[in-house]
Amino acid sequence: MNTDIKFIPIDYDYFDFNGKNYIKLIGRDNKGKRICIIDHFNPYFWAILKQGTSEKTIQKIQQKIQKIKIKSSSRITSVIKTELHNKNYLGEEYKAIKIFISNYKDGHAIADKLGMKEIIARRGYDIRILSKYIIDKNILPLTWYNTSGEIIDNDDFAGIANIDVDLCVKAESITKSESQPSFTPKVLAFDIEADEFEIGKGHILMISLVGENMKKVLTWKHCKIKQDYVECFKDEEDMLEAFVKYIKEYSPDIITGYFSDGFDLPYLRARAIHNKIKLALGLDNSNVKFARGRIPSARISGVIHIDLFRFIQTAYSQYLQSETLGLNEIASELLGEKKIEFEHKQKAKRTQKEWKDFFEYNLQDSILTYRLFEKAWPDISEFSKVIQEPLFEVTRDTMATNSENYFLHNLDKFNEIPEKKPIHEEISERRMRPRYQGAFVFQPTPNLYNNLAIFDFTSYWPSIIVSFNLSRATLLDKKQSNSTEVNLDDKKVYFSKKTGFFSKILSEIIEKRKKYKQEYQKNPNPITKARSNAYKLLANASYGYLGFFGARYYCPEAGASATAISRDFTKKTIDLMNKQGYKVIYSDTDSIAFLLNKHTKSQVLELLKKINKNLPGIMELELEDFYKRGIWVTTRAGTFGAKKKYALINHKDKLKIRGFETVRRDWCRLARNIQNNILKMILEQGNHEKALEYLKQIIKKLKKREIEKKLLIIKTQLKKPISEYKANTPHIAIARQMQEKEMPVDIGMLIEYYIAETKDKKARIRDKAKLPDENIPYDIEYYLNNQILPAVENIFQVFNINIKEVIERGRQATLF
DNA sequence: GACTGAACTATACC
DNA sequence: ACGGGTATAGTTCAGTC
């Protein structure tokens, strides 16, 4: 029976039937029904021919290729057909044979059989079949399609249709719909609590589930406690089975958790195995599968599992203020939610009241995850649509991979054959590469400055890459008549002036970013913002991509050229500004801070126009802001001005603090707060009087032991397994103590401690470091000399005040 | 045993 | 293994006097 439906693909999968590859799309129709579409797809790859190979030879090669067969236990893969095309590869024209094969899994094996000397490269066999399908058939995620085809039943394709959907169709035609109504997926958030931190070691005590019209906590513990959302089961096994049942009933498009790739789903799997039950969450009743990777990604067949932590880490973290990526902190920043403090105790110690709080806490985490998902959905879905990769992939891939995928999905417009991924030896070779020289940082003179402004280059790296056409394909072997020459430390490199596909795609990204940013400003909503943001992230990742060892279009020469060009422009602009009667006081990479020197704001804008007139290509300088005051200090050694460390106040009294201890999470709150307040007082008032008084008061309090302990806690991140540390630092000493006490210690955690007084005055700091709950008095001298004074010393030095002497004088004065 | 500089480590800036 | 380089700064640790 035939049918026509309007369908939106959400999940992409594939399967083999009779040795051939088929694509399985899961999504919804416009009435909200769950649909599965089976589509046929013939994977292919390219054999690139030596330029000048004769037609006759090519025909012979094609005939040879057509006879290739790969036999394995489960299938015979053959070449279905070959086609000859005129293609581009790294910007040059070639004849290339397009080789269609019956099963993509044997692509590598078939490519290995192409030893003919006329074939100079084999490409495209290392692209995932689902990406290839999307590129080739142009069936994009989260886009509506009019689909017609034959309804299939459970017996077809060896039962592939025997899954939990309303309708399964074997596609005959799939065409993009004219109307693209907005789509809201059905989402379920979940979170587990266990009595042991280590995966699988303890029991899962409870699981919360939150969706639209769904708020549940499933448990098998303390069932007497009456809470309407708590549902009680006989044991862990029953609870796990109910968890699976509820998810099936709810039938979500997306299941979301926070760190669920790394914790919740591995734990659930471990406990399911222990209880000898199947975690059959897939639409085909399959188990959760874990893909290889640094953090294994948990995949559920037919349902998109999204670990929000992973997406936030790659897409948001550089723009967030939060010091950790924990759910509570991120939710409080992104949603403005107040944090719920909850102390994780050993199970034996919990009171009835505490169990009640535990249930509520568990539910709250799913609520936060659900709301965070709603907030992130525009970004996640736009990312998927812009990059043209499925939701599962864009939420797991790093920015380098996302960028690369964007390029791969846009190569066809340039008739370009994709470059291959580097393999092991090449990767290790690339990783040995010495660093190339980076951007320019201006050596500031420490002082308090008045009346200044900052210019910065918009999208600096992308604009240089585009304007100078820097890329792998445009890098030339030698100087040509129409090439750009760039001087690097040890050599000269040349780039063609004929615009390459990399620059073209990147300039499109920048243009779209501009366009959607304007659209957002005209019509501010989460979708226009997300679209603009997706292009911004892609543009910003392009420069790092050039130097990344895993990149298909790896080109450190282009990266090094971009920085060489950047240094040139920044320095030239600084010179020009100084000659015009301004005084540049600082610069880092793409920004220039300068004194107005009696110039008016409109004169500054005129200067900006003048500079922009002479900038090449799409390079552009813009005004960041005008500032009332700014302070630069010396380094700790005190001999010269510190780079990457300054504080500014604009004309609306808004502070901008960079690099100071205030913004560093590995300093105690006390030192950070004092420094922040002192910077604020000095910048607001233009002098240090009030700040000095304030400092004296705090030091008095410190010496009288009136400072709360929570202000004295120092937090340091554990960045690798404890055993790999060569130095025995305070945070490692504490981490070891925590392990002995069987407290959870894991990579990525912030280790918290404070410095306590000891009898041995010369004891090492690590020997004085104590866990926060210990009751030994804090070490006054340490907090004074190693926290407070280092944080404020060079600020007062700007006013020629030696703060140590002032404190010492104060001490002697009290003696008299 | 005090001192010094290198090594190790963490974190920020753009 | 899962963008880049530049920069500051604390603590430990090994070598020197």
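- Checking A:N469 against A:S503 by side-chain atom types alone, a donor-acceptor pair falls below 3.5 Å.
- Nucleic acid contact class of A:K720 (heavy atoms, under 4.0 Å, all strands): sugar-phosphate only.
- Across all strands shown, A:G550 has no heavy atoms under 4.0 Å from either base or sugar-phosphate atoms.
- Computed from coordinates, the A:K421 NZ to C:dA1 C1' distance equals 11 Å when rounded to whole Å.
- Among the nucleotides B:dA2, C:dG4, C:dT11, the one closest to the side chain of A:Y543 is C:dG4.
- Note that A:R431 lies in the cation-pi zone of A:F549, set by a 6.0 Å cut-off to the ring centre and a 45° limit from the axis.
- Contact annotation: A:N786 reaches the phosphate of C:dT11 (side-chain N/O to OP1 or OP2, under 4.0 Å).
- Note on A:E757 versus A:K768: no salt bridge recorded, every NZ/NE/NH1/NH2 to OD/OE distance being 4.0 Å or above.
- When distances are taken from the side chain of A:D590 to each of B:dT11, C:dT8, B:dC14, the shortest belongs to B:dC14.
- The side chain of A:Y586 contributes no N or O atom lying less than 4.0 Å from OP1 or OP2 of B:dC13.
- Residue A:D456 is out of contact with every strand shown, counting any heavy-atom pair closer than 4.0 Å.
- Residue A:K643 places at least one side-chain N or O closer than 4.0 Å to OP1 or OP2 of C:dA7.
- Among the heavy atoms of the strands lying under 4.0 Å from A:P730 are primed sugar atoms or P, OP1, OP2 only; no base atom is included.
- Using a 4.0 Å heavy-atom criterion, one finds that A:R567 contacts no nucleic acid atom at all.
- Note on A:K644: every side-chain N or O is 4.0 Å or more away from OP1 and OP2 of C:dA9.
- In this structure, CD of A:Q675 is placed 11 Å from P of C:dA9, rounded to the nearest angstrom.
- Listed nucleotides C:dA7, B:dT9, B:dA12 differ in distance to A:R665; the shortest reach to its side chain belongs to B:dA12.
- Checked for salt-bridge contact, A:E323 and A:K715 miss the test: no charged N lies under 4.0 Å from a carboxylate O.
- Side-chain nitrogen and oxygen atoms of A:T398 include at least one within less than 4.0 Å of the OP1 or OP2 phosphate oxygen of C:dG3.
- One finds no side-chain N or O of A:H731 lying less than 4.0 angstrom from the OP1 or OP2 phosphate oxygen of B:dT9.
- Across the protein-nucleic acid pair, A:I657 atom CD1 and C:dT8 atom C1' stand 17 Å apart, rounded to whole Å.
- Between A:R430 and A:E426 a salt bridge is recorded (basic side-chain N to carboxylate O distance below 4.0 Å).
- Within the 4.0 angstrom heavy-atom criterion, only backbone atoms of the sugar-phosphate kind lie near A:G438; the bases stay farther away.
- Of the candidate nucleotides B:dT11, B:dC14, C:dC13, B:dT11 has the atom nearest to the side chain of A:K719.
- Across all strands, A:G547 comes closer than 4.0 Å only to sugar-phosphate atoms, never to a base (heavy-atom distances).
- We find that NZ of A:K726 is positioned 18 Å from P of C:dT12, with the value rounded to whole Å.
- Using a 4.0 Å heavy-atom distance criterion, A:R658 is classed as a sugar-phosphate-only contact.
- Side-chain N/O atoms of A:R766 include one lying less than 4.0 angstrom from OP1 or OP2 on C:dC13.
- With C:dC2, B:dC13, B:dA10 as the candidates, the nucleotide lying closest to the side chain of A:R664 is B:dA10.
- At whole-Å resolution of the value, CG in A:D666 and P in C:dA7 are 20 Å apart.
- Within the 4.0 angstrom heavy-atom criterion, no nucleotide atom of any strand lies near A:T401.
- Note: CG (A:D588) to C1' (C:dG4) measures 14 Å, nearest angstrom.
- Within 4.0 Å (heavy atoms only), A:Y782 reaches sugar-phosphate atoms of the nucleic acid but no base atom.
- Comparing C:dG4, C:dT6, B:dT11 by their nearest atom to the side chain of A:Q437 picks out C:dT6.
- With distances taken from any side-chain atom of A:L750 to the nucleotides C:dT8, B:dT11, C:dT12, the minimum falls on B:dT11.
- Sorted by first and then second residue, the pairs that involve residues 711-733 of chain A and meet ring-ring contact (aromatic ring centres under 6.0 Å, His included), not counting sequence neighbours, are A:Y725-A:H731.
- Comparing B:dA10, C:dG4, C:dG10 by their nearest atom to the side chain of A:R636 picks out C:dG10.
- Within the nucleic acid shown, A:Y460 has no heavy atom closer than 4.0 Å to any nucleic acid atom.
- Atom P of nucleotide C:dA7 and atom CD of A:Q443 are separated by 9 Å, given to the nearest angstrom.
- Between A:Q787 and A:I755, the closest side-chain pair of non-hydrogen atoms is not below 4.5 Å.
- When distances run from any side-chain atom of A:A727 to the nucleotides C:dA1, B:dA10, B:dC8, the shortest one goes to B:dC8.
- Distance A:Y725 OH to B:dT9 P: 7 Å, rounded to the nearest Å.
- Ranking B:dC13, C:dG10, C:dT8 by closeness to the A:A642 side chain, first place goes to C:dT8.
- Using a 4.0 Å heavy-atom distance criterion, A:K762 is classed as a sugar-phosphate-only contact.
- A salt bridge is defined here as a Lys NZ or Arg NE, NH1 or NH2 lying under 4.0 Å from an Asp or Glu carboxylate O, and A:E389 with A:R128 meets this definition.
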